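On a predicted model such as this, the values are computed, not experimentally measured, just so you know. In listed order, ligands and their atoms are each counted from 1. What's counted below: heavy atoms across the whole structure, side chains too, no hydrogens, waters or symmetry copies.
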Amino acid sequence: MMYRPAKAFIYLQALKKNLEQAQALAPKSKVLAVIKANGYGHGIERVAHHLSHADAFGVASIDEAMLLRQKGFLHRILLLEGLFSESEIPVVIQNRLDVVIHSEHQLNWLLNSKISIQLNIWIKVDTGMHRLGFDIQQLASVIAKLERSENDFCIQVMSHFASADETSEHSNLFTEKQIERFEDCTCQYQYPRSLANSAGLIRYPQSHYDWVRPGIALYGAGAIPNSDFTSLAVMQLESEIIAIKTIQVGESVGYGNTWVAQRKSIIGVVAIGYGDGYPRHAKTGTPVIINGQRFPLVGRVSMDMITVDLTDMSSQANIGDSAILWGQELSVDEIASFSGTIGYELLCGITQRVPMIEVQ
Ligand SMILES: *Cc1c(COP(=O)(O)O)cnc(C)c1O
């Protein structure tokens with residue numbers, strides 16, 4: 001039974017519509033739906049099920065990939081960071097997984113193994129992010145080695161953006177530079193190419209190539225201002241008011257006595273806290289929707305509760321009134337900006353004790 005009122009509602013139609021929008025935005029490209037980190041915190045199996053029209057899935061580990069295979073998904077599944085150890089090769093073969101190779105050691109594992117099937121390899125080149133990927137100058141030799149191998153490797157080439165979601169002039173130029181470098185080092189090959197994450201898909205049509213790889217946009221976060229893509233929130237985090245009290249001027253609320261009432265105030269206590277994945281760093285002023293209206297969080301976030309200033313509520317607040325922490329009318333990006341983080345982290349961080357309820 002779910003007696004505690006903290007719940008995450010998962011809007012499955014929103015997920016589907018976001019995928020349809022992604023497909024419409026890049027009609028000539030295939031879509032690799034990124035569902036790593038347990039489907040950005042929404043439940044990987046659930047998400048895969050409702051994104052089954054995607055052309056492929058992207059995950060971060062063999063465990064996630066195997067779970068999808070066990071549940072019967074026959075899609076191409078790409079291991080976005082490739083192999084962590086040579087011992088994973090038999091599992092990759094057995095489960096027919098696609099692998100990224102970003103470094104020499106991974107290349108050697110594959111070249112030195114006898115692989116009985118055709119294996120899809122995504123060579124990752126580093127066009128400026130400087131995290132994973134071969135240097136551009138190495139690409140030709142990596143391709144040559146794979147082509148010469150006795151193994152049957154089916155090659156695609158990819159890279160990843162560092163700041164396609166940032167709209168500053170500097171970031172725009174940097175992203176354009178990444179696209180130019182990618183084009184320059186790959187244009188001589190016929191292999192399928194992939195560059196765009198969500199922000200690339202939305203902001204840089206010239207980065208679509210053969211495969212786009214949206215993640216965050218499928219879940220309704222990472223919004224790009226002034227874009228055509230209206231990514232619908234998939235997760236709505238809700239709870240309820242469990243206590244209401246009136247405090248006098250000069251009295252403080254919560255741990256550390258950080259917030260002090262400047263007027264006689266009505267404080268609502270909502271059953272959600274960092275133990276649920278609500279960010280502890282959410283500042284005073286972070287909006288919370290109660291009875292359809294926004295009110296500011298005040299004082300520190302506790303493990304199981306937050307406190308909200310309801311003084312300006314026109315009607316009377318009651319125990320059991322619903323509280324929306326983020327969702328369709330209150331973007332997780334906005335809550336993230338009040339907490340010094342990004343929507344991705346908040347979505348991934350919902351904890352086990354919060355039941356997820358599917359809304360069809
Ligand atoms: C996570 C990831 C993506 C998706 O990025 P979003 O910003 O969520 O769209 C795409 N490509 C790779 C390689 C990734 O690791």
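Here salt bridge (Lys or Arg N to Asp or Glu O under 4.0 Å) pairs that include residues 149-178, with residues two or more places apart or in two chains, are K177-E180.
A distance-only check finds no donor-acceptor pair linking the side chain of S302 to the backbone of D304 [under 3.5 Å].
Listed by number with element, the atoms of ligand 1 under 4.0 Å from a non-hydrogen atom of V34 are 1 (C), 3 (C), 4 (C), 10 (C). Atoms of ligand 1 found under 4.0 Å from any heavy atom of H160, numbered from 1 in the order shown, are 2 (C), 3 (C), 10 (C), 11 (N), 12 (C), 13 (C), 14 (C).
The aromatic rings of F161 and Y204 are tilted relative to each other, their planes meeting at an angle between 30° and 60°.
For ligand 1, the polar-atom distance check against I216 finds a nitrogen or oxygen pair separated by under 3.5 Å. Residue contacts with ligand 1: G215 is placed with a nitrogen or oxygen under 3.5 Å of a nitrogen or oxygen of the ligand (distance criterion only).
Contact check for S52 versus H75: side-chain heavy atoms found under the 4.5 Å cut-off.
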Derivation of the side chain to side chain contact (heavy atoms under 4.5 Å, CB included) call for W259 and I267: CA-CA 12 Å; W259 185 79; I267 301 298; 3.8 Å; yes
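Among protein heavy atoms, atom 11 (N) of ligand 1 sits closest to R213 NE, 2.9 Å. From the protein, the heavy atom lying nearest to atom 14 (C) of ligand 1 is K36 NZ, 3.0 Å. In terms of protein heavy-atom proximity, atom 9 (O) of ligand 1 is nearest to S198 OG, 2.5 Å.
Ranked by closest heavy atom to atom 7 (O) of ligand 1, the top entry among W211, Y40, Y344 is Y344.
Less than 6.0 angstrom separates the ring centroid of Y219 from the ring centroid of H42.
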